[in-house]
Every structure is written in structure tokens, then in C-alpha cells.
There are 2 protein chains.
Amino acid sequence: MTTHGQTIRPRPLVLDPARNVQFCANCDARSHSVCNAIDDKDLARLASSAVQVKIEPGHTFVDEGDTAESFRNITAGTAKLFKLLPDGRRQITGFATSGDFLGLAVSHAYSFSAEAVDEVKLCRFSRSKLRILLDDFPAMEKRLLEVASNELVAAQDQMLLLGRKTARERLASFLAARAHAPQHHCPAQAGPRGMLRLALPMTRSDIADYLGLTIETVSRTLTKLKSEKLIDVPNATEIIIPNLHALEMVASGGN
Amino acid sequence: MTTHGQTIRPRPLVLDPARNVQFCANCDARSHSVCNAIDDKDLARLASSAVQVKIEPGHTFVDEGDTAESFRNITAGTAKLFKLLPDGRRQITGFATSGDFLGLAVSHAYSFSAEAVDEVKLCRFSRSKLRILLDDFPAMEKRLLEVASNELVAAQDQMLLLGRKTARERLASFLAARAHAPQHHCPAQAGPRGMLRLALPMTRSDIADYLGLTIETVSRTLTKLKSEKLIDVPNATEIIIPNLHALEMVASGGN
DNA sequence: CGTTGTGTTGATATTAATCAACAAGTGTGG
DNA sequence: CCACACTTGTTGATTAATATCAACACAACG
């Protein structure tokens, strides 16, 4: 029974007509094999039917309940995906970055809203066109199934976090998970002896709404973790993790 | 922005070599079209390569962390899927019933455990065989993508519940959601004027672990909803919903 | 007929939310 | 360039929701 079994994630696929189709530059070539099953020509054809869009920070580009006419592939930046209750309570269900897909579900309407955290670039397809293209590219369909499956595993991890973890464990889990996703590191990523420096482009309010907490609890808990030397917080948008393993122990309730 | 947008769910597909392949008997023929895209002969071939298994109540048949060698389709009964923390805290991520698939993810190991709630019958395939079969049946792959997408939408709803809803809202959401799934109704399902009678095969402990609460809070909250005439509880395993709309209002925080 | 598992209800404890004040950083306009 | 508003984050005091601890009711079962 592993609570931190790192699943093998497929190599991010970035569909960008301007720069042509490419895999995420941050990821090494040894990543998952299914990516390679997609023919480059097919990918180019897929990407060429898309519109590239740039979204300013804070701008909402998907509204829950709207008719789902598009399918999107993020090519740069970070977006937050969320659901709202009528009285304004918000749950962020995930942060989407380069290579992530939005609007996979077959449902008629979007089941979530999406807002740009920093400047987001994305590639937008019409879903009707996507359906036609998928019939031509079975490998793409396989790839999407793989992506959806991985998201499902992540969603189940998040349910465990939201349903059963303490505030302390939630913050530790959040930071440890981000430490595992290479693209979220700061430019000067690795300090001495595997010391990690994470970029947190989102606000405390976003973190709170992602972890099912309030901003005050997020702030206090980070302060506490800092006082215990489990993390360092040089400024509000950066976190240094001196010992990822120790943080992961906290994340899974081990002490 | 709809918090209770009922997504069109695909018609449950039951792979049962003994009774031959079939769609869920409880569902009408007008359900989702993609089911029909799968050729009956293909389905028969798929089902014939499977092993049918019966599991006694309380028996665990998938262990988190074990090598994921099989893929399963539930044909009867209800199973609970869950994740554990090292100290024993449990989060039930979902209940699987007739037509549901287990083990979709491509990861090497199962990311959850599964235990039978009542007597469960399922169809088990080797994953290597599944991969080969999927290459032959692109329609099946499409169908699995659809299933995974719908599960993802449900998972996001559950994140909203776990992260932001009160105990009262969680119970109301849980009951309202089950009221929408036809197979969970008691045999004598519809009383006078759309009054619903739900079967709850799982224990209070299961409900608590699904909703991120304790058994005491579940019990107290059900008592409270009963005293307000929003539900009736003739016995521990049945719930009567006199007015589903009123319960849905509670579920989404509207009063 | 006791034993065990499950559910309910009550009393108390605890975690995190709420309410409140303030500090630091950012941008604006005079 | 500085005063000001505004946003974001931190910290403190208090409250509230739910967890925990405890007792008991009831049914199923040997």
C-alpha cells in the first residue's frame, strides 16, 4: 500500500501551431512511450486546425455551465480550474500547465470554470473537429485515455487529502506534489544537495481553495512548517524544500 | 453556472460471458449513443476472453500498491474503492456498481483498494489482453475515454463536496446523487407522487469515509434531516426522499 | 442467552473558521 | 516623488463545526 506511489506520467504534449507541435522542452526524451506512438505528421495536422490564444492573468476563459464547444491544450502558463457553490464558496480542482488538456469530457456543458493564474497560452480546437480528427488518429485517442486515467488517479489522491488529511498534511502534500512536477521549479531549481526551490504562481487564496482551507490557515501552517525547518519561504511566491523526503513523511501523516 | 448539471451518462455496459454481453437491463434504450457504436460481435469477443468472478461481502479484491495486471467490469453488486493513510484513516473514493470499470489507469500499480459491499460479481481481463483487444476495437477505446471523462467530472464534484460543503450539504448531496442513479433504488422504487425509496447497501462507516466525516456526524445529520422531514429513514439501509428538489437545494447550500 | 457488530445519542475536546488588526508591496494620480 | 488606495499576506483572539470519548439500544448469530 503506497500513498506516494509516483505514477509514470506521460510526457507532456504541447500543440502549438506557431512553434509547431512539440513535446515539453523541460521533459527528457526517456519519458513515456505512448507519446511516440503518435505520428509527427498526424500531430502537425491536428495542431494546424487549432487557434492559438493568449489569456491575461485573472481572466476567466472557461465558464462552468457554458456549452462545451472547445477543447484546449495549454502551451504556456498556469490556469486554475474550479467549481463554485451558489453562495460563492470555491473549490479549485486543479492547476493546469503546459501540456494539459481542458474539456475532455463528452458532456454538453463545461463542469468547471478556468481562470488564468499568470499569462496563459493555449491552443483551442472545436470539439466537432476534434471528433473527426480522433477517428483518423486512434493513437491520439489512446493518448487522451491515458491522460484522463492519470487525472483520475490524481483526483483520487486529492479526495484523500480533502476528506482525511489535516491542514499540516495538506500543505505538505501540496508542496511535495509540486516538487515532483518538473515544470514548477524556479529557473535556478536545484541548490546544494538536492535542495528544491519551488515557484508558487498562485495566491494564498488559490492554495486555500485547492486544499479546502482558509487563507489564514494556509498562512499559519506555512509559518509553522517554516519554524520547523521543513520548508523555507524566502518570499510569498517561492518555497524552498531542504528535504523532500521529510516533507513527504509529513504529507502522509507519518509524524 | 450549474452545480447540479446532470451529465448524460453512457448506458452501462456489462460484460458477462455467462449471460453474454449486454447493456444494463435497468437502463432504457434511448441512452447515450456511443454504446451503440460498439459492434455486438466485438463485444462478444471481448467478453469471451474474460473470467467471471464472485466476491463475498467484506472481501478485498484489489489492493492498493499491487501490480495492476487485471482490468475489471462489475456485473452485479456494489464495491467500495478506497485509499488508506499509514495510520488507518480511510477515504472511499467511490462506489462501483454494475457496468463500472476498475483498473483503467495505465500505471503499473493499483492506486486504490476495492472491497465488496454486498455480493459482487465481476468480469476480469488481463490487461495485456485488453491492450491487444483495444487495438482491434477503436470503439471500445472511445467508450473507455468517455467513461473516464465522466468519472473525472464526478471526482471534481466530490472534491467540491469534500473541500467546501458542510456535513448537512454532504449528506444531502450524497443522497440526491444516489437518487439520480437508477440502479440504487429499492425494488419498490417509486411511491406516490415521485417519492423515492433508496437502498443504501453500505454501512454508516462507509458513508462517513466517503463523505470525509465520522460515523457519529453521519448519524446525527441523518437524524436532523429526518426531523426536518427532508428524508425518512425507515431502517438503517433505506432512505425515503419525499422531495428530491428540496434535498438538492440543501445539497448545493441553498438554505 | 450472551456476544458481537452496527447505529444512535450525549458530553467534551479540538481543529480550523471567523472576525479583526496590521504590515508590506504595488500601482495611481496629484 | 510622494500620498493614497488597494491587494495580498501575516498574526492574534474568539467562535463554531465537527471529532473524540463514552454510554447505550438493537439486531443478528452462535
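First the proteins, then the strands, lettered A, B, ... as listed; each starts at 1. Side-chain atoms are counted along with the backbone in the values below, which use heavy atoms only and exclude waters and symmetry mates.
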Atom CG of A/D209 to atom P of D/dT8: distance rounded to whole Å?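 The distance from CG of A/D209 to P of D/dT8 comes to 13 Å, rounded to the nearest Å.
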Would you mind reading off the distance between A/N235 atom CG and D/dT7 atom P, rounded to a whole angstrom? 21 Å
Kindly indicate whether the side chain of A/L162, heavy atoms from C-beta on, has any atom under 4.5 Å from the side chain of B/M159. yes
Scan side-chain atoms only and decide if A/K165 and A/S173 contain a donor-acceptor pair under the 3.5 Å cut-off. yes
Intermediate values then yes/no, ring pair (Phe, Tyr, Trp, His ring centres under 6.0 Å), B/F82 and B/F112: CA-CA 6 Å; B/F82 59 94; B/F112 58 85; 8.9 Å; no
Any pair with a residue in residues 207-219 of chain B that passes salt bridge (charged side-chain N to carboxylate O under 4.0 Å, His left out), sequence neighbours left out, goes on the list, sorted by first then second residue, please. A/R164-B/D209, B/R90-B/D209
What heavy-atom pair brings [X] and [Y] nearest, and what distance separates the two atoms?
{"X": "B/A172", "Y": "B/L247", "result": "CB-O, 3.7 Å"}
{"X": "A/I241", "Y": "A/L175", "result": "CD1-O, 3.9 Å"}
{"X": "B/S111", "Y": "A/V153", "result": "OG-CG2, 3.7 Å"}
{"X": "A/D118", "Y": "A/P201", "result": "OD2-CB, 3.9 Å"}
{"X": "B/L102", "Y": "B/A96", "result": "CD2-CB, 4.1 Å"}

Compute the angle between the rotation axes at the two ends of the helix from C/dC1-D/dG30 to C/dG30-D/dC1, each taken over five pairs, rounded to 10 degrees. 30°
Looking at B/R89 and A/E169, does any basic side-chain N land under 4.0 Å from a carboxylate oxygen?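 Counted as a salt bridge, because a side-chain N and a carboxylate O are separated by less than 4.0 Å.
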Is the closest basic N to carboxylate O distance between B/E69 and B/R124 below 4.0 Å?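 A salt bridge is absent here (no side-chain N lies under 4.0 Å from a carboxylate O).
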Could I get a table of every N or O pair under 3.5 Å where one atom is in the protein and the other is in nucleotides 3-7 of chain C?
residue	atom	partner	partner atom	Å
C/dG7	OP1	B/R204	N	3.4
C/dG7	OP2	B/R204	N	3.1

Would you please indicate yes or no on a ring centroid separation below 6.0 angstrom for A/F71 and A/F101?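 Yes, ring centres under 6.0 Å apart.
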Would A/L84 and B/L160 count as a side chain to side chain contact (heavy atoms under 4.5 Å, CB included) if you check the C-alpha gap in whole Å, the side-chain angles of each, and the deciding distance to 0.1 Å? CA-CA 8 Å; A/L84 293 171; B/L160 177 64; over 6 Å; no
Under 4.0 Å, heavy atom to any atom of DNA chain C: which of residues 221-234 of chain B qualify?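 Residues of residues 221-234 of chain B that come under 4.0 Å of DNA chain C are, in numerical order, B/T223.
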Let me see the working for A/E248 and A/H180 under side-chain hydrogen bond (donor to acceptor under 3.5 Å, both in side chains), right down to the final yes or no. CA-CA 11 Å; A/E248 282 172 341; A/H180 281 295; 2.5 Å; yes
Go through the steps for A/L222 and A/L171 under the test side chain to side chain contact (heavy atoms under 4.5 Å, CB included), then give the verdict. CA-CA 7 Å; A/L222 287 176; A/L171 262 301; 3.6 Å; yes
Please list each protein N or O that sits under 3.5 Å from an N or O in nucleotides 15-18 of chain D, with the distance.
residue	atom	partner	partner atom	Å
D/dT18	OP1	B/A167	N	2.9

Below 3.5 Å is the cut-off: list the nitrogen or oxygen pairs between protein and nucleotides 21-30 of chain D, distance only.
residue	atom	partner	partner atom	Å
D/dC21	N4	B/E216	OE2	3.0

